[in-house]
Amino acid sequence: MTTSTSITRKGLKVPSYILLLTPAVIFMLLMYAYPFLASIIRSFLDKSGTFSLENYVKTLDLYTKDIAFTFSVTVFNTLCTAILAILLAVYFRIRQNRITRILSALYKLPLFIPFVVVAQMMNSFLAPHGLLNVALAQLGLINLQRPLQLFNFTGLSFGFLWKQVPFAVLIMHGGFQMIDNSYIETARSAGAGMGKVITRVLIPMNKSSILVSLVLVYSQIVGTFTLPYMLIGGKIPTTITVDIAHRVNYFRDFGVANALGVFSYLIVLLTAWYYLKTKLGETK
Amino acid sequence: MKRRWLVLFLALCVALLTFAGGAKESAKTRLIYMTAGDTNMLALGQNVLGPGFQQKYPNVSVATIHTGPGNAGSQRILEKILAEAEAKKEVWDVDVAMVHEIFMKWAMEKDLLLPYAKDLETWKYVTSPFAKVSLGVKIEGYGMPMFHSQTALAYNPDVVKDPPKNFSELKEWVKKNPGKFGYNGIKGGMSGVSFVVGWVYAETGKYKKYAVEGPFDKEEVNTWEKVYNELREFNKYVTITGGNVGTLDALNRGEIWMGPVWVDMFFTFMNEGKMDPKTRLVLPEPGMPGQPMFFVIPKKAGNAEMAKKFVEYVTSPPVQAKEIVQRFNWYPGIDGSFIKDSVPAEVFNKIYRDVTPQDLQKKGLSFPLAQYFDAMLESYEKWIK
């Protein structure tokens with residue numbers, strides 16, 4: 001930043017790009033940087049406004065399990081999204097026929113459905129006497145007296161995957177489309193099987209868009225409130241976002257809510273760090 | 001060229017019409033009514049109270065603004081009013097608001113409310129103790145109850161022939177019928193919270209101390225470990241549902257046979273055909289909490305006088321009978337004896353069939369004083385991990 005802002009004081013000439021940048025930078029500082037820093041600072045203040053670790057003590061005392069749960073849900077779902085989305089995107093890239101055309105129109109649907117609707121859908125779909133269990137019982141696969149219990153890690157993951165895989169496919173598919181056919185043909189003529197083409201050619205060449213999509217998916221899962229709230233809101237453990245809402249709504253306790261927020265930043269920071277490291281590695 | 005002029009002319013017309021419309025609008029008093037609560041509260045404001053009041057006062061237009069369910073909805077109203085107070089605005093935007101009990105504590109602490117209720121014609125009909133003290137905070141004169149919500153246990157009489165009459169019978173019942181009692185914990189909505197509070201009252205037998213007399217004593221909280229250990233044991237035999245509606249849905253789908261619900265939501269579900277009409281209610285000993293929702297007028301409301309007339313209108317016996325009791329199945333905010341004659345017997349009997357007025361008087365408890373309330377919720381998180 002410092003090198004680019006070569007403001008010549010004598011002539012009072014401000015380069016026009018600085019002027020152009022100012023509104024955006026001010027907006028970013030005011031609307032993103034300030035609340036972000038404020039929430040970190042306030043997580044270290046007690047109710048009287050003095051520095052203390054009280055909020056963290058309480059957070060760790062009451063919510064360690066929830067933090068671990070959020071982390072595991074996020075990692076598990078990001079990994080599953082990665083596998084499923086890569087498989088689908090590669091399939092769409094390699095096979096182009098009527099089925100893939102129909103599928104590629106269909107898979108975009110979840111993108112336009114908000115989380116709150118997804119949550120309500122999952123609520124009636126995954127319920128003990130919901131659509132899924134009733135269908136399975138009709139097929140004689142389960143006994144409706146002892147249905148599958150899905151309002152837990154499994155159901156939550158199902159909801160997340162339903163919503164996030166299409167999003168990841170959309171980004172990855174664009175990347176795969178950019179890879180010229182000649183690479184695939186060359187690899188095949190050199191004797192590579194389809195598996196090798198995918199793992200040695202397609203995925204490495206599309207690494208950056210795969211990475212971007214997964215970083216986005218990962219941080220979205222950490223921050224989602226409605227789906228866990230409506231599916232497993234009252235259960236133990238639940239996610240950090242539900243706890244934050246609980247602290248604010250019932251106690252107006254922004255201190256612990258901020259401390260919980262800091263833990264979610266830490267969880268996201270992991271990917272941000274990895275992402276930046278890879279990006280910097282690429283530029284070198 | 002001609003076309004461009006035509007477009008310009010049309011645009012001018014539209015602009016003129018808009019301004020004319022705006023001017024006409026501004027001659028009317030615009031009463032801003034902000035309401036917390038579920039979507040039914042929005043429907044009530046937009047379709048019932050607003051139009052009804054406008055008919056009586058044609059010079060007023062009521063704008064209903066909905067902030068959302070639960071304490072979070074009240075919280076948003078608080079934030080709006082607090083922001084105006086802190087910005088030192090002379091006239092505040094919100095004229096009248098509909099809020100939960102906890103809001104009264106928050107707003108009284110910050111001195112944000114107008115003492116208005118005693119000026120109302122309808123104040124004389126209010127006998128509820130909730131209008132005097134709410135969560136241990138003196139609020140007399142600052143809030144006018146519009147309705148009273150009560151929680152109770154709903155059950156499926158096909159499978160539950162003899163519903164538990166108190167909490168210890170309930171404990172035995174869940175052991176015999178594992179998974180068939182469902183509630184939504186404490187983070188999934190207030191019906192679950194209400195059940196937990198009822199549990200603490202039942203196990204400690206100290207309702208009077210925790211909810212009426214006080215004062216807050218930290219030592220009390222330390223004695224609750226056993227109470228919550230019992231609840232943790234109890235939770236092993238129950239299903240945790242996905243929210244207030246989740247409990248009703250689970251009952252209706254037959255996944256659970258019994259669970260705590262808000263009585264008004266229960267009847268609304270039934271009226272809309274979303275709940276088996278056979279389902280019954282029981283209020284176990286020593287009772288479960290309920291709460292009113294209050295009308296408040298912010299201290300510097302722009303149209304405070306008109307707001308008072310609005311509250312007066314809604315708390316008048318005819319409106320209470322027709323809209324609050326008959327249409328929305330709430331218990332009235334004013335004393336029930338003033339409306340009995342205005343409500344058809346079948347409605348009165350339906351609402352008071354399982355939970356009688358005597359039950360309500362005896363077992364319709366209040367939520368605890370704010371500090372005990374916080375402690376009860378936090379103890380749940382501490383001991384039931």
Side-chain angles (χ1 to χ4, degrees), chain A residues 58-66 68-69 116 119-120 122-131 133-134 144-152 155-156 159 225-254 256-257, chain B residues 36 68-76 78-79 82 100 102-103 105-106 109 179-180 182-193 195-196 232 235 238-247 249-256 370-371 373-385:
Chain A
K58 191 174 256 184
T59 304
L60 290 173
D61 181 27
L62 298 179
Y63 303 113
T64 312
K65 217 174 176 181
D66 293 351
F69 179 77
V116 62
Q120 188 50 41
M122 292 302 156
N123 241 329
S124 45
F125 182 68
L126 302 173
H129 288 186
L131 202 59
N133 273 312
V134 171
L144 210 51
Q145 296 304 318
R146 265 175 314 194
L148 300 176
Q149 294 297 334
L150 295 168
F151 287 157
N152 48 26
L156 190 63
F225 167 68
T226 30
L227 186 66
Y229 177 71
M230 288 170 73
L231 234 49
I232 56 158
K235 287 223 164 85
I236 302 161
T238 186
T239 62
I240 294 181
T241 45
V242 174
D243 290 330
I244 292 178
H246 181 68
R247 289 315 301 186
V248 172
N249 292 341
Y250 284 92
F251 306 104
R252 274 184 67 73
D253 180 0
F254 292 96
V256 172
Chain B
N71 289 349
S74 283
Q75 166 103 3
R76 262 179 230 148
L78 181 85
E79 271 157 17
L82 190 61
H100 295 92
I102 186 76
F103 174 97
K105 177 181 177 278
W106 297 333
E109 276 169 4
K180 295 300 177 193
Y183 79 107
N184 48 349
I186 56 160
K187 292 176 191 168
M190 279 295 274
S191 61
V193 171
F195 176 74
V196 172
R232 186 174 57 212
N235 274 358
V238 312
T239 300
I240 298 290
T241 61
N244 294 346
V245 171
T247 306
D249 280 343
L251 258 171
N252 201 37
R253 285 191 296 249
E255 292 159 12
I256 58 171
Q371 278 166 306
F373 196 11
D374 283 0
M376 282 180 198
L377 293 176
E378 215 158 83
S379 300
Y380 187 100
E381 294 186 287
K382 190 172 161 193
W383 281 309
I384 306 179
K385 282 184 189 168

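Residue numbers begin at 1 in each chain, while the letters A, B, ... track the order of the sequences.
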Are B:Glu109 and A:Arg252 ion-paired here, with the side-chain N under 4.0 Å from a carboxylate O?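 A salt bridge is absent here (no side-chain N lies under 4.0 Å from a carboxylate O).
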Could you give the distance from [atom1] ([X]) to [atom2] ([Y]), rounded to the nearest 0.5 Å?
X	Y	atom1	atom2	answer
A:Lys58	B:Lys382	NZ	NZ	10.0 Å
B:Asp374	A:Asp253	CG	CG	9.0 Å
B:Glu381	A:Asp61	CD	CG	10.0 Å

Is it the side chain or the backbone of [X] that comes within 4.5 Å of chain B heavy atoms, both, or neither?
X	result
A:Thr238	side chain
A:Lys235	both
A:Asp66	side chain
A:Arg146	neither

State, yes or no, whether a side-chain contact exists between [X] and [Y] at a heavy-atom distance under 4.5 Å.
X	Y	result
B:Asp249	A:Asn123	no
B:Leu377	A:Phe251	yes
A:Tyr250	B:Glu378	no

Can you tell me which of A:Ser124, A:Pro147, A:Ala119, A:Ala127 forms the most heavy-atom pairs within a distance under 4.5 Å of chain B?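 Most pairs with chain B among the choices: A:Ala127.
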Closest non-hydrogen atom pair, [X] against [Y]:
X	Y	result
B:Lys187	A:Gly233	CB-O, 3.2 Å
B:Ile384	A:Ile236	O-CD1, 3.1 Å
B:Gly254	A:His129	O-CE1, 3.4 Å

Under a 4.5 Å heavy-atom cut-off, does chain A meet the side chain of [X], its backbone, both or neither?
X	answer
B:Val193	side chain
B:Ile256	neither
B:Gln371	neither

Residue selection (most heavy-atom pairs with chain A, distance under 4.5 Å) from B:Gly242, B:Ala72, B:Gly185: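 Sorted descending by pairs with chain A, the first entry is B:Ala72.
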What residue in B:Gly192, B:Gly246, B:Gly188 has the most heavy-atom pairs under 4.5 Å with chain A?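 Sorted descending by pairs with chain A, the first entry is B:Gly188.
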